[in-house]
Student: 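Please see the structure below; I have some questions.
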Amino acid sequence: MTAVLQLESITKSYGGVRALDSLSLEVAPGEVLGVIGPNGAGKSTLIGVIGGALTPNSGTVTFDGRDISKLSSADRARLGIGRTYQIPRPFTRMTVADNVRLAATNSGHHISQRELEPFVAGILERLGLTPFAEEVAGKLPLLRRKRLELARALALKPRVLLLDEIGAGLVRSETEELIAIIQSLRTEVESMVLIEHVMDVISQCCDRTAVLDFGKMVTIDETPKVLADPVVASLYLGSVAESADAVVVDEDKRAGIRASLTSLVSVATSVPGTPLLAVDDIWVRYGGLNALKGVSLSVNAGECIALLGANGAGKTTMARSLAGAVPLTSGTISFAGKSIAGLRPDEVTALGIAQCMEGRKIFGTLSIEENLIAGGLDARKHVKAERLEAVYSIFPILKQRRKNSGTALSGGQQQMLAIGRALMSAPTLLVFDEISLGLSPIAVDEVYEALGAIRDSGVAMIVVEQSVDRALGLADRAMVLGQGEITLEGKPAELLADARLLSSYLG
Amino acid sequence: MKNGISILLSRIATPTRVGPRDFIIVAVLAAIAFAVPYFAGTYQQEVGFRILQLGALAAAWNIAAGYTGLVSLGSAAFFGIGVYTMAIASNAGLPIALCVVLAAGVAGLFALIVSPALFRLRGLYFTVGTLALAEAMRIFVVNSPWFGGQAGIYLTARAPKAYDLYWIALLIAVFVVVCVLLLLRSRWSYRMQAVRDDEDVASQLGVRTYRTKLWAFGLSGALIAIVGSIQALNQGIVQPNGGFGMSWTIDIVSVAIIGGMGTKVGPWVGAVFIVLLGEFLIQFPEIHLAVVGVVLVLVIRFMPNGIWGTLTLALQKNRNFS
């Protein structure tokens, strides 16, 4: 059996960094190959090289026995290589149907005007996009954008499908639907390559799984064997592997972090009867849509709140309205006894609320150190230097690479940088938005370990999360948002025992 | 990259649909416009000529800029090619109709020749590149021995009457409109919009982006050259600063932006507006340009989709709420 897709000693460097280091790989006909590895291991680069968006420095890509290394990405798409993007990139001003039509009319297969409409309708139907066919793609929420990515790739009638983290940012029920879709594709697509951090997708869909690290192949084998491999567990899976030695608590390190944090957070003195943050009946309207419909919540000094909910439930709007980044339609927010509704984001930050935004939002043109300094510009020079040292002692990797560009870090390290930057303003309340999004399991472990230490320092926190178990493990109190309203509230243990939690996600 | 060009492009409104209704409307409007010389004077015909000329230029520019994202400030290069091709070819004794076709052909060839260099540039860099190209063309024509230098070339052909010019301009305007409508009906329409919105993704979906851009840029340039060739007939003399002058580029861009970039009707609305504003201010040439500039600033600030784009968006909203 000859391989459909064959990569031979591919090397791709960005500047001095080798994203792929003489990597060889074969995909057999009928196979679904999973690719996992830490953030920055070169997984997305791999898809870029196969799809033709990136030109490798050396090595060849062979498709169906033909060397396609010199072909443009358009020609590769026409030969039957379809890909999706990690962050969906729909043509936002074209309708959903036009997005699919574009791919259908530019594939290698000729399609007549008469065949086109039923073909497009069939693909939309299959991915549950029919009701939105005439909607402008830019209006779609994340989950439907991901479906549109897949719909467009399928409209090419591909022989090989490359899916880049299509499960990222989905809640459990959405992930299950995705798995069903991928499994149904096995009959019509010859082979698939899946990059994933969502282990359910890997274990349920992939025949073989490859593990990459620093652009090199660590191992490639049948999926169950790979997931049971102790090397993979220590490199990538972390606590997900649930092996006892993965959870080593270094007490000295903890004590050091605790000491550093004292200069980085302002612990509010708890005033009985008045919460630190009081949000009262806030409404936020975008265009014709109510993103928040009368949300009230309070956070006491030193408390950690988890804010959960499905995609589009209003979690990020909530975080952004606390930051002063979206105008409130009505309602009040008071922080430490002062009303902050209507203040600019910088004024809110000056009062002591720091944000660790969704998508990390690292300044790519600034160095790591400059990124950190940008988080606390108001402080005096010696205070700034002191805080910088404290952040460096919590995240030593940032100090090692302090002169590098902020985006030259791996995903997990960038998230650490974002946390460090938020700490630089010595906040009283920290808001973390989707902190585990797109991170490898072991990187999530590291980030949550830091979050645990920050919580223990006594600063108040709001953790907005998709990853329910992680957030509930950290929080003192949790709330579930559904369609702009708080649908459920309680202690983490109560919520975990409550079946309504799951159903509020589905709704 | 969030520069001025991408902000302008991000403001282009909704996708455009073209149906048989559009062709009927064009036919009716063309029939009405055809009758104008029978009951209007020379002055009205000249104003009409100017509206048709600017509208056709802006609509042609819109193919590349509005639909494909190739915001060019090099329109003067194509316009000048049209002007000079007409002058040289008609002086050589070729029939006028053939000269017009030749103008389009030379402009298309020119697009083909400059595209390998220009299409390496994206966004704002492309825009600046086209600006430099037009200026380079002007200087080339001034300094080379074949085009009459600064003094230019006189046309030996008999100057057409005002109504003849008007009808020729009408014919060309209708031709440009039909080209745009047919283009928007075809599969090229999706390809162009895809290239405008995200070139990398378009390529990954099988769109041959270079070919798409060349097609849009070449067609846009050829249509601009056709309008330019008529301008040569209108003037009777062609000169580098008139043919390759920046003022054409600026007129085209302001007409398209005020009317509404990336819309079918916008360029024509903009042309009517700009020409009538010019006639209204004809007594005050010293403030004319200033007023146009202020209007342009106000439109960009308060009606980012242009007059037509803003109107259609408002109508769509009303329909959604009713």
Side-chain angles (χ1 to χ4, degrees), chain A residues 47-48 50-54 71-85 87-113 116 134-139 148-149 151-158 162 164 287-288, chain B residues 1-2 6-18 66-69 119 182 184-215 260-263 304-305 309 312-314 316-322:
Chain A
I47 287 210
I50 301 174
L54 300 172
L71 292 186
S72 72
S73 42
D75 289 331
R76 295 190 201 192
R78 284 160 181 264
L79 281 178
I81 299 178
R83 75 165 286 190
T84 66
Y85 285 88
I87 296 156
R89 287 165 76 172
F91 300 112
T92 49
R93 281 165 291 170
M94 285 161 64
T95 65
V96 171
D98 280 350
N99 265 277
V100 177
R101 265 182 213 120
L102 174 82
T105 51
N106 286 290
S107 70
H109 308 265
H110 177 74
I111 184 160
S112 76
Q113 207 61 31
L116 180 62
E134 295 310 313
E135 234 172 73
V136 175
K139 286 189 182 166
L148 180 57
E149 279 288 310
R152 278 196 317 201
L154 282 180
L156 288 170
K157 292 196 192 161
L162 314 170
D164 194 352
Chain B
M1 187 175 56
K2 203 72 182 162
S6 61
I7 291 170
L8 253 185
L9 287 175
S10 73
R11 284 168 166 175
I12 290 172
T14 42
T16 321
R17 294 261 176 258
V18 173
Y67 293 113
T68 322
F119 290 174
L182 289 177
L184 290 181
R185 265 173 84 90
S186 74
R187 292 178 178 185
W188 286 102
S189 158
Y190 305 132
R191 289 180 194 142
M192 284 158 43
Q193 293 176 51
V195 166
R196 175 190 70 193
D197 287 356
D198 195 330
E199 204 172 323
D200 298 328
V201 176
S203 162
Q204 207 76 62
L205 293 174
V207 178
R208 287 162 171 156
T209 52
Y210 191 95
R211 213 179 281 190
T212 307
K213 289 200 283 187
L214 180 57
W215 175 237
M261 250 169 99
T263 63
N305 298 308
T312 44
L313 275 183
Q316 277 173 356
K317 264 190 193 149
N318 280 339
R319 211 181 307 146
N320 286 348
F321 283 122
S322 62

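Just so it is clear: chains get the letters A, B, ... in the order the sequence lines come, proteins before strands, and each one is counted from 1. Here the structure is a predicted model, which is why all the values come from computation and not from measurement.
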Student: With sequence neighbours left out, write down each residue that passes salt bridge (charged side-chain N to carboxylate O under 4.0 Å, His left out) with A/D75, or none if nothing qualifies.
Tutor: B/R208
Student: Can you tell which of A/N99, A/N106, A/L102, A/L79 has the highest number of heavy-atom pairs within less than 4.5 Å of chain B?
Tutor: A/N106
Student: Only counting residues at least two apart or in another chain, list the ones meeting side-chain hydrogen bond (donor to acceptor under 3.5 Å, both in side chains) with B/T212.
Tutor: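 Once residues adjacent in sequence are excluded, B/T212 has no partner under the side-chain hydrogen bond (donor to acceptor under 3.5 Å, both in side chains) criterion.
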Student: Taking the six-membered ring of A/Y85 (Phe, Tyr or Trp), confirm whether the NZ or CZ of A/R152 is under 6.0 Å from its centre and within 45° of its axis.
Tutor: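 No, A/R152 does not lie over the aromatic ring of A/Y85.
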Student: Could you tell me which portion of A/S72 (side chain, backbone, both or neither) has an atom closer than 4.5 angstrom to a non-hydrogen atom of chain B?
Tutor: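 Answer is neither: A/S72 stays 4.5 Å or more from chain B.
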Student: Quick check on A/E149 against chain B: is it the side chain, the backbone, both or neither that has a heavy atom closer than 4.5 Å?
Tutor: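 Contact with chain B: none, neither part.
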Student: Of all of A/A53, A/A77, A/G51, A/S73, which one pairs up most often with chain B through heavy atoms under 4.5 Å apart?
Tutor: A/S73
Student: Name the orientation class of the two ring planes belonging to B/F119 and B/Y210 (parallel below 30°, tilted from 30 to 60°, perpendicular beyond 60°).
Tutor: perpendicular
